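The structure displayed is predicted, hence computed values, not measured ones.
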Amino acid sequence: MQNSLEVHGITFSQALRVWVRVALLSFGGPAGQIGAMHRILVEEKRWVGEARFLHALNYCMLLPGPEAQQLAVYLGWLLHKTRGGLVAGTLFVLPGFLSILALSYLYVLVGDLAVIAGLFFGLKAAVLAIVIQAVIRIGRRSLSSAASVWLAAAAFVAIFFYDVPFPIIILVAAAIGFLGTRAGLAWFRPGKGHGENGKGALAEADSALGEGTPAHARPSLSWSMKVASIFLLLWLAPVLWLNIQWGESNVFSQISVFFSQLAVLTFGGAYAVLAYVAQEAVQHHGWLAPGEMLDGLGMAETTPGPLIQVVQFVGFLAANRNAGTLDPLLAGLLGAILTTWVTFVPCFLWIFLGAPFIESLRENRALSGGLSAITAAVTGVILNLSIWFALHLVFTSVRPWSGMGISLDLPVWSSLDSAALVLVLCAVGLVFRLKAGMFTTLAFCSLAGVIWKAVVIGL
């Protein structure tokens with residue numbers, strides 16, 4: 001029997017060069033990263049067919065954690081087995097890790113200077129415009145039926161007004177999509193993929209992988225048990241050791257537990273996860289302030305790699321400010337490494353364990369309908385995040401309100417930051433009116449923020 005390399009003819013060195021390229025071009029959050037992978041792997045290289053790419057993406061949307069990085073692991077695994085997935089997933093994270101680590105050191109060392117404060121002030125406005133753009137981009141791709149529009153709206157209402165947990169929203173959406181597609185309802189007809197209205201989409205038979213399933217991608221109980229044991233040990237052994245050695249009150253123990261829980265309990269991709277991270281890290285643990293969370297998101301938006309890499313910045317600050325007997329800068333480094341480890345190791349587990357079974361169900365229309373419904377629901381969750389960011393950027397204070405089962409954060413109007421509002425409007429105008437690129441928007445807003453802080457205020 002031929003192996004997958006002999007079948008598709010793509011050497012590992014060829015794939016390695018492509019994954020390096022994908023990693024270096026992975027800017028713009030999940031929407032931009034998924035688009036870059038699709039452009040390179042489907043349209044340019046023609047390694048993976050349109051339907052297979054979308055099937056893998058929808059599965060990754062179902063999983064907790066960064067869907068773009070998990071998609072890279074999935075496709076790398078399809079092409080070159082376990083080592084392909086490991087290389088693709090690790091390279092996807094590495095440039096962002098190094099970049100955010102450098103920016104984190106800069107932040108704690110010189111963050112009180114006017115130029116640095118202004119830089120991040122401007123970045124926040126640009127980030128908000130980029131998040132809004134992501135809502136629209138993902139919506140255009142995923143809201144391809146009447147049912148998907150209603151699912152997105154229902155997801156937004158559930159999380160914004162009623163604080164329904166992410167896992168419940170995702171699971172309910174998946175169940176509705178599965179049952180609706182299985183029943184053959186017209187509302188649940190699947191979308192047409194990433195191509196323009198589905199035209200010119202690469203067929204499976206015309207791709208390098210072809211229509212069949214590679215031998216290594218077929219379900220195997222022995223393989224599943226082996227991979228689960230290895231990656232569970234890699235993931236949880238450091239968590240257990242830290243808690244036994246240093247106790248639950250130690251900041252490293254808290255980081256390991258919190259971000260391990262995040263890896264399991266938060267669904268819907270990076271934008272959806274960030275609202276939960278911000279709430280817990282800011283309000284519960286007190287590791288950083290709401291504005292600092294936006295600073296971290298600005299770092300993640302301006303560097304390659306998954307947007308969820310912002311958690312590395314959270315872990316850095318948490319350890320840096322609770323270093324104990326360690327040097328604060330060393331503690332920050334260890335906190336960043338630990339956060340990255342417990343956040344991304346589970347991603348490899350989810351893919352290596354579940355992808356063979358998902359591959360075997362590619363022709364199951366009901367399952368595909370359930371996975372597509374998840375993508376639609378995520379759009380509503382991202383919209384919630386954009387509103388959360390806007391409130392904390394434009395207003396320096398918010399107040400909780402509850403009644404009739406509804407729970408909201410309302411702005412304190414007297415705390416309106418007029419400079420932030422003007423900068424946000426400029427960023428939105430650049431993105432949507434002038435069609436400026438991400439780097440142009442980030443550069444303009446950063447420069448405007450520096451000028452405002454350094455010249456107008458005179459700090």
Side-chain angles (χ1 to χ4, degrees), residues 1-8 12 15 19 48 51-93 167 170-171 174-175 177-178 204 209-240 259-269 306 341-372 374:
M1 180 181 293
Q2 290 179 309
N3 60 39
S4 60
L5 178 59
E6 293 171 333
V7 170
H8 59 56
F12 186 75
W19 290 121
V48 182
R52 196 171 217 150
F53 182 94
L54 187 59
H55 183 79
L57 172 61
N58 287 335
Y59 170 60
C60 295
M61 286 286 191
L62 173 63
L63 300 172
E67 69 273 26
Q69 189 252 359
Q70 290 165 341
L71 180 60
V73 177
Y74 193 120
L75 298 177
W77 164 79
L78 266 180
L79 291 168
H80 293 103
K81 306 180 183 180
T82 306
R83 65 170 181 165
L86 288 171
V87 167
T90 302
L91 284 175
F92 199 85
V93 171
I170 297 302
L171 291 175
F178 177 86
E204 298 299 305
L209 273 175
E211 296 178 294
T213 301
H216 71 272
R218 294 166 188 161
S220 167
L221 181 59
S222 61
W223 161 253
S224 298
M225 296 297 293
K226 180 180 179 180
V227 76
S229 300
I230 293 173
F231 280 92
L232 279 173
L233 181 64
L234 289 172
W235 172 21
L236 296 179
V239 179
L240 293 173
F259 289 107
S260 291
Q261 291 173 339
L262 184 76
V264 176
L265 298 177
T266 51
F267 293 78
W341 182 266
V342 299
T343 297
F344 289 102
V345 168
C347 297
F348 293 96
L349 171 61
W350 310 144
I351 297 300
F352 292 146
L353 187 61
F357 300 96
I358 296 299
E359 275 294 298
S360 68
L361 295 171
R362 277 192 297 128
E363 302 303 321
N364 188 313
R365 294 190 62 184
L367 177 64
S368 296
L371 295 176
S372 297
I374 292 170

Output for pair (L349 CG, Q70 CD), nearest 0.5 Å, gives 10.5 Å

When the aromatic ring centroids of H216 and W77 are compared, is their separation below 6.0 Å?
yes

So CE of M225 and CG of L353: to nearest 0.5 Å the spacing works out to 9.5 Å

Here the gap from L75 atom CG to R52 atom CZ, rounded to the nearest 0.5 Å, amounts to 9.5 Å

To the nearest 0.5 Å, atom CZ of F352 lies from atom OG of S224 at 12.5 Å

For W341, the side-chain hydrogen bond (donor to acceptor under 3.5 Å, both in side chains) test, sequence neighbours excluded, returns none

Taken to the nearest 0.5 Å, the spacing of F53 CZ from Y74 OH works out to 12.0 Å

Student check: side-chain heavy atoms of P214 and L209 closer than 4.5 Å: yes

Sorted by chain and residue number, the side-chain hydrogen bond (donor to acceptor under 3.5 Å, both in side chains) partners of T82 (sequence neighbours excluded) come out as none

message: Apply side-chain contact (heavy atoms from CB on, under 4.5 Å) to residues F92 and V87 and explain how you reach the verdict.
response: CA-CA 8 Å; F92 199 85; V87 167; over 6 Å; no

Margin query: Can you tell me how the ring of F231 sits relative to the ring of F348, calling it parallel under 30°, perpendicular over 60° and tilted otherwise?
Written below: parallel

When rounded to the nearest 0.5 Å, the distance separating OG1 of T343 from CD of Q69 is 10.5 Å

Are E359 and R218 packed together at the side-chain level, in the sense that at least one heavy-atom pair is separated by less than 4.5 angstrom?
no

